[in-house]
Amino acid sequence: MPRSKIAGIGKFIPANRVTNQDLTKYMDTSDEWIQERTGILERHYAHRTEETTTTMGVEAAKIAIERAGITPQDIDFIVFATLSPDYYFPGCGVLLQRAMQMKEVGALDVRNQCSGFLYAISVADQFIRSGMYKNILVVGSEKHSFGLDFSTRGRNISVIFGDGAGAVVLQPTEKENQGILSTHLHSDGASAEILAMYNPGTHANHWGAQNYADFDEAEIGEMFMSHTMIDNAQNFPFMDGQSVFKKAVVKFPEVIMEALQANGYQATDINLLIPHQANLRISQFVQQKLKLRDEQVYNNIQHYGNTTAASVPIALCEAWEKGKVKEGGLVCLAAFGSGFTWASALLKW
Ligand code: COA
């Protein structure tokens with residue numbers, strides 16, 4: 001059974017750079033608070049009308065496809081991970097297929113938030129291993145800036161997130177010592193509501209989510225999207241940051257160790273760990289727990305914020321462009337986020 005390898009990788013960062021200082025124009029926050037709690041100095045926001053989650057994904061995909069030495073017409077399957085799609089439906093996968101004038105190939109959207117890219121490459125990896133597809137495009141892209149509360153009310157969330165996209169092309173490899181060695185996926189829905197965007201949705205308050213709208217029961221349409229919801233800012237994400245932090249610092253090391261143990265490696269063997277860029281403090285905690293040296297861990301949240309499904313491919317691409325990912329190197333990708341879902345992938349470059 002062939003393994004899959006990353007044959008090409010690309011990223012796209014929108015031009016509009018937004019510093020912590022810039023955010024103080026809209027909300028009561030400070031550069032000092034943001035840096036101290038998250039490590040973030042700046043993030044980038046997509047152009048309001050000319051860039052979407054899909055168009056950014058397309059730009060990253062063009063680079064990944066070119067670096068893989070193929071054309072968009074060679075792609076035989078698309079997996080697109082995002083929590084900020086252009087439309088509620090259909091997903092971004094088909095919009096990308098159309099924009100890149102690809103053949104009528106399958107397009108799958110993955111909704112696994114911060115671990116979306118890891119879930120997406122795991123799915124793609126299975127298709128390559130089974131022999132079903134030969135050139136799979138995997139994209140992670142987010143346009144968070146369109147769905148955040150930029151008033152002081154939303155500051156605990158808004159300062160963290162940024163926009164951007166990353167993409168890889170997976171292909172089969174017959175080389176003995178190359179490719180994705182394993183992927184490991186997990187979930188625990190017990191805390192689904194502590195990092196979530198409830199509305200618009202079909203929950204009709206069934207789960208007792210906090211932050212829900214005071215619906216007029218007589219108007220079923222109102223339960224999906226109402227003026228009350230908008231007036232009360234209930235159309236924005238909700239996060240209990242401290243609970244997320246506490247779970248993340250347990251699950252990140254756990255899923256990294258699971259990947260290492262499954263393949264007979266130890267933490268000292270890792271050449272580069274690319275953790276999902278949730279918060280620099282979380283990455284530092286994980287590094288400490290696994291006793292990794294600075295050069296074994298790649299972080300770039302300082303410049304992009306948390307770009308959710310795009311964060312791992314953006315960081316991997318940047319590390320590769322800087323020559324930090326070397327042929328034969330042991331690379332570990334890991335993510336944790338809303339759901340909760342968490343995942344890892346171990347690969348030989
Ligand atoms: N600027 C200034 N003050 C802010 C602020 C901001 N952007 N956001 C929140 N605060 C305030 C709060 O209102 C609170 O004030 P109070 O003490 O007067 O009530 C104070 O700062 C502390 O808030 P708290 O939420 O307890 O801060 P924290 O130390 O937990 O840091 C996070 C908040 C969000 C940075 C942190 O919890 C975190 O990173 N969690 C993980 C989140 C994450 O990774 N999410 C992505 C999922 S992968």
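Using modelled atom types, one finds no donor on one side chain facing an acceptor on the other under 3.5 Å when comparing Q234 with N199. Counting only N and O atoms by type, the side chains of Q126 and R129 include no donor and acceptor under 3.5 Å apart. For the residue pair T341 and S115, a side-chain donor N or O sits within less than 3.5 Å of a side-chain acceptor on the partner. Counted by atom type alone, S311 and N306 present zero donor-acceptor pairs between their side chains at under 3.5 Å. Remark: the T71 side chain and the D74 side chain contain an N/O donor-acceptor pair separated by less than 3.5 Å. Using modelled atom types, one finds a donor on one side chain and an acceptor on the other under 3.5 Å when comparing N300 with E318. D125 and S4 share a donor-acceptor pair across their side chains, judged by distance under 3.5 Å alone. At a cut-off of 3.5 Å, with distance as the only test, a side-chain donor of D22 or T19 sits close to an acceptor on the other residue. In the model, N16 has no side-chain atom that pairs as donor or acceptor with a side-chain atom of E51 under 3.5 Å.
Under the 3.5 Å distance criterion, the side-chain polar atoms of Y198 are left unmatched by any main-chain donor or acceptor of P237. No donor-acceptor distance shorter than 3.5 angstrom exists from the side chain of T38 to the backbone of Q35, with no hydrogens or angles considered. Listed for the R155 side chain is a donor-acceptor partner under 3.5 Å among the backbone atoms of D28. Using modelled atom types, one side-chain atom of Q73 and one backbone atom of Q101 make a donor-acceptor pair closer than 3.5 Å. Of the possible donor and acceptor atoms, one in the side chain of N279 sits under 3.5 Å from a partner among the backbone N and O of R37. Distance alone, capped at 3.5 Å, places no donor-acceptor pair between the E142 side chain and the T53 backbone. Looking at Q171, its side chain never comes within 3.5 Å of a backbone N or O of N135 through a donor-acceptor pair. Using modelled atom types, no side-chain atom of D31 and backbone atom of Q21 make a donor-acceptor pair closer than 3.5 Å. Of the possible donor and acceptor atoms, one in the side chain of R281 sits under 3.5 Å from a partner among the backbone N and O of E36. Panel note: side chain H47, backbone E50; a donor-acceptor pair is recorded below 3.5 Å.
Atom CG of N20 sits about 4.0 Å away from atom CD1 of I34, to the nearest 0.5 Å. In this structure, the separation between NZ on K134 and CG on D76 is 8.0 Å, given to the nearest 0.5 Å. With rounding to the nearest 0.5 angstrom, the OG atom of S151 is 7.5 Å from the CE atom of M27. Note: L273 CG to F252 CZ = 8.5 Å, rounded to the nearest 0.5 Å. Atom CD in E327 sits 6.5 Å away from atom CD in Q178 (nearest 0.5 Å). Considering OG of S283 and CG of L292, their distance stands at 11.0 Å, rounded to 0.5 Å.
You'll find the side chain of Y265 stays beyond 4.5 Å of the side chain of I270, heavy atoms only. Side-chain contact check for L330 versus L181: some heavy-atom pair is nearer than 4.5 Å. Side chains of I136 and V79 form a contact here, defined as non-hydrogen atoms less than 4.5 Å apart. Side-chain contact between N271 and Q296: absent, with no pair of heavy atoms (C-beta onward) separated by less than 4.5 Å.
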Going through the checks in order, is the side chain to side chain contact (heavy atoms under 4.5 Å, CB included) test met by K326 and L272?
-> CA-CA 9 Å; K326 302 205 169 66; L272 201 61; over 6 Å; no
Please lay out, stage by stage, how L280 and I40 fare under the test side chain to side chain contact (heavy atoms under 4.5 Å, CB included).
-> CA-CA 8 Å; L280 190 59; I40 299 167; over 6 Å; no
Salt bridge (charged side-chain N to carboxylate O under 4.0 Å, His left out) between E321 and K11, intermediate numbers included | CA-CA 10 Å; E321 286 167 350; K11 68 176 190 327; 2.7 Å; yes
V244 vs I282, side chain to side chain contact (heavy atoms under 4.5 Å, CB included): CA-CA, chis, key distance, verdict | CA-CA 10 Å; V244 176; I282 294 177; 5.6 Å; no
Check the pair L118 / W342 against side chain to side chain contact (heavy atoms under 4.5 Å, CB included), numbers first and verdict last.
-> CA-CA 8 Å; L118 268 297; W342 60 102; over 6 Å; no
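Here the rule is side chain to side chain donor-acceptor pair (under 3.5 Å) with Q277, and of T308, N299, T307 only N299 fits it.
With sequence neighbours excluded, the residues satisfying ring-ring contact (aromatic ring centres under 6.0 Å, His included) with Y88 are F224. Under the side-chain hydrogen bond (donor to acceptor under 3.5 Å, both in side chains) criterion, T29 pairs with no residue, sequence neighbours left out. Not counting sequence neighbours, the partners of F340 by the ring-ring contact (aromatic ring centres under 6.0 Å, His included) test are F336. Remark: F150 engages Y45 in a ring-ring contact (aromatic ring centres under 6.0 Å, His included) (not counting sequence neighbours).
Within a 6.0 Å sphere centred on CZ of R153, heavy atoms belonging to other residues, nucleotides or ligands number more than 12. The number of heavy-atom neighbours closer than 6.0 Å to CZ of R67, taken from other residues, nucleotides and ligands shown, is above 12. Applying the 6.0 Å contact sphere to CZ of F245 captures more than 12 heavy atoms from other residues, nucleotides or ligands. The environment of K103 atom NZ is dense: over 12 non-hydrogen atoms of other residues, nucleotides or ligands sit within 6.0 angstrom. Enclosure of atom CD in E295 by more than 12 non-hydrogen atoms of other residues, nucleotides or ligands within 6.0 angstrom is indicated. The number of heavy atoms from other shown groups lying within 6.0 Å of OH (Y26) does not exceed 12. In the displayed structure, W33 atom CH2 is contacted under 6.0 Å by more than 12 heavy atoms of other residues, nucleotides or ligands.
Note: the hydrophobic cluster containing Y133 also contains I9 (ILVMFWY, side chain heavy atoms under 4.5 Å, direct or indirect links). Hydrophobic clustering of Ile, Leu, Val, Met, Phe, Trp and Tyr side chains at less than 4.5 Å, counting indirect connections, unites V255 with M257. Hydrophobic clustering (side-chain heavy atoms under 4.5 Å, transitive across Ile, Leu, Val, Met, Phe, Trp, Tyr) keeps L316 apart from Y304. The same ILVMFWY cluster, assembled from side-chain heavy atoms under 4.5 Å apart, contains both L96 and V169. L137 and I63 end up in different hydrophobic clusters when Ile, Leu, Val, Met, Phe, Trp and Tyr side chains are linked at under 4.5 Å.
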Contacts table for residues 158-168: side-chain donor-acceptor under 3.5 angstrom, sequence neighbours left out:
from: S158; atom 1: OG; to: D149; atom 2: O; distance (Å): 2.5
from: S158; atom 1: OG; to: G154; atom 2: O; distance (Å): 2.9
from: D163; atom 1: OD1; to: H144; atom 2: N; distance (Å): 2.7
from: D163; atom 1: OD1; to: S145; atom 2: N; distance (Å): 3.0
from: D163; atom 1: OD2; to: A46; atom 2: N; distance (Å): 2.7
from: D163; atom 1: OD2; to: S145; atom 2: OG; distance (Å): 2.5

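Listed by first then second residue, pairs satisfying salt bridge (charged side-chain N to carboxylate O under 4.0 Å, His left out) with a partner in residues 238-254 read D188-K247, K251-E254, not counting sequence neighbours.
Under the 4.0 Å criterion applied to side-chain N and carboxylate O atoms, E174 and R3 are not assigned as salt-bridge partners.
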